[in-house]
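Step one of this worksheet: look at the structure below.
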There are 2 protein chains.
Amino acid sequence: MGRTAGRTPDDTRRALLDAAADAVRARGIHASLDEIARFAGVSKGGLIYHFASKDDLILELARDQLAAFQASIDAALDPADTSPGRLTRAYIRAALTPAGDDAAVRQSIALITQLMTLPAVAELARADAERLDAALAADGLPPDVLALVVAAADGMSCAPLWGAATRTPAHRRLTERLLHLTRHPELWES
Amino acid sequence: MGRTAGRTPDDTRRALLDAAADAVRARGIHASLDEIARFAGVSKGGLIYHFASKDDLILELARDQLAAFQASIDAALDPADTSPGRLTRAYIRAALTPAGDDAAVRQSIALITQLMTLPAVAELARADAERLDAALAADGLPPDVLALVVAAADGMSCAPLWGAATRTPAHRRLTERLLHLTRHPELWES
DNA sequence: GTCTATAAATGGATAGAC
DNA sequence: GTCTATCCATTTATAGAC
């Protein structure tokens with residue numbers, strides 16, 4: 001008894017994580033458990049059954065978001081591309097192209113900054129960034145070119161944070177130019 | 001009566017804004033008024049005398065931070081430099097060099113993201129970014145070069161947000177390279 | 001101009017019913 | 001497996017003393 005027809009515990013958990021993401025995006029990290037729970041169609045008590053505390057919920061949400069970004073990098077890997085810089089190209093595409101419904105991926109940057117209010121999340125994100133940096137460093141590009149390309153991609157993907165204009169022709173051209181540079185690093189090194 | 005010896009109302013206001021900045025950096029946007037007030041050496045009641053509400057305090061703090069960043073750009077303007085790109089170079093220096101005690105300027109990025117939880121602050125920051133973008137667009141550099149250089153500077157200055165490594169040799173080299181590019185835009189345009 | 005005391009609201013978490 | 005009811009801590013904001 002008690003099981004709501006048509007929703008498994010995993011479904012409920014998924015719904016709660018999604019609701020938490022929406023609520024935090026909209027209201028910031030202080031979105032209340034009550035708000036999140038109602039948004040997911042459960043009660044506050046129901047939420048607490050699935051996540052032991054608010055901190056626990058936020059930490060799991062952070063894990064979920066970081067995993068989603070990594071998944072979008074993996075999805076952007078071109079199997080036919082075996083040249084140096086293939087991971088870097090996937091990173092650029094994942095960070096800058098609104099592929100699929102990945103407008104969400106862009107927004108998740110703003111979300112992560114909210115989640116990082118929690119020290120445990122900050123540490124998780126730091127470790128994740130370190131892992132990614134190491135992988136990129138081993139991607140076969142000259143360090144100077146890698147630094148430029150990653151910085152530019154990060155800068156463009158952060159722009160929405162400030163409400164700056166994005167998806168302008170200049171930005172699209174720049175994205176292409178960065179991808180081109182990873183294939184011809186000598187253009188920058190020379 | 002009542003006036004605490006040796007501190008004018010403006011001094012108190014300044015102390016409260018500084019304390020709020022410290023508290024929000026340390027504890028996030030949910031730092032309590034009580035905390036902030038004690039840190040500034042006033043009572044909660046004293047704080048509320050100077051700022052009508054917490055939202056008011058946060059909004060004024062955001063104005064203060066944006067003005068400080070603009071001031072550091074102005075300070076980085078080279079009077080002897082009259083070539084196209086002089087404002088862009090000042091922007092790069094302000095965003096990337098820890099001049100003076102401007103380690104605070106770097107940290108203020110993380111602070112602003114916290115403050116943007118407040119919709120009024122988000123709007124303020126958006127308008128400020130728009131103003132800055134317009135000024136940079138009128139700086140005389142080819143749009144493609146401007147887009148690259150600003151994106152790369154933004155990306156490097158955002159890196160600490162993720163706890164990523166910063167001030168590495170590669171970053172210092174990249175900063176110099178970006179400044180160089182603003183003086184020789186044909187290197188990228190060609 | 002600043003403080004104390006307190007009101008009023010909200011949020012996180014627990015206990016136990018169903 | 002989920003909900004209701006409730007407790008307790010925290011927080012913003014007010015009222016009024018000094």
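Both backbone and side-chain heavy atoms feed into the values below; hydrogens, waters and symmetry mates do not. Protein chains get the first letters and strands the later ones, always in sequence-line order, with residue 1 at the start of each.
- Separating the CG atom of A/Asp56 from the C1' atom of C/dG12 is a distance of 14 Å, rounded to the nearest angstrom.
- Atom pair B/Lys54:NZ and D/dT12:P shows a separation of 5 Å (rounding to whole Å applied).
- Counting distance only, with no hydrogens placed and no angle test, the side-chain atoms of A/Lys44 and the base atoms of C/dG12 include a donor-acceptor pair under 3.5 Å.
- Salt bridge A/Arg63/A/Glu60: present, at least one basic N to carboxylate O contact under 4.0 Å.
- Counting non-hydrogen atoms under 4.0 angstrom, B/Leu33 reaches the backbone sugars and phosphates but no base.
- At a threshold of 4.0 angstrom between heavy atoms, the contacts of A/Ser32 are confined to the sugar-phosphate backbone, with no base atom among them.
- Contact check on A/Glu130 versus A/Arg126 returns a salt bridge, with a Lys/Arg side-chain nitrogen under 4.0 Å from an Asp/Glu carboxylate oxygen.
- Between A/Asp64 and A/Arg14 there is a salt bridge, with a side-chain nitrogen of the basic residue lying less than 4.0 Å from a carboxylate oxygen of the acidic one.
- The side chain of B/Ile48 sits closest to D/dA13 out of C/dT2, D/dA13, C/dG1.
- Rounded to whole angstrom, the span from the CG atom of B/Leu47 across to the P atom of D/dT12 amounts to 10 Å.
- As a whole-Å value, the separation of A/Ile36 CD1 from C/dT10 C1' is 15 Å.
- When rounded to the nearest whole Å, the span between CZ of B/Arg38 and P of C/dC3 equals 12 Å.
- The nearest whole Å value for the distance from the CZ atom in A/Phe51 to the P atom in C/dG12 is 15 Å.
- Rounded to an integer number of Å, the gap from B/Ile29 CD1 to D/dT11 C1' is 14 Å.
- Atoms CG and CZ, on B/Leu187 and B/Arg177 in that order, are 7.5 Å from each other to the nearest 0.5 Å.
- Atom CG of B/Asp11 is separated from atom C1' of C/dT2 by 15 Å (rounded to the nearest Å).
- In this model, the phosphate group of D/dT2 is approached by a side-chain N or O of A/Thr12 to a distance below 4.0 Å at OP1 or OP2.
- The phosphate of C/dT2 has neither OP1 nor OP2 within less than 4.0 Å of any side-chain N or O from B/Tyr49.
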Could you give me the CA-CA distance, side-chain angles and deciding distance for B/Tyr91 and B/Leu77, then say whether side-chain contact (heavy atoms from CB on, under 4.5 Å) is met?
CA-CA 8 Å; B/Tyr91 179 80; B/Leu77 273 173; over 6 Å; no
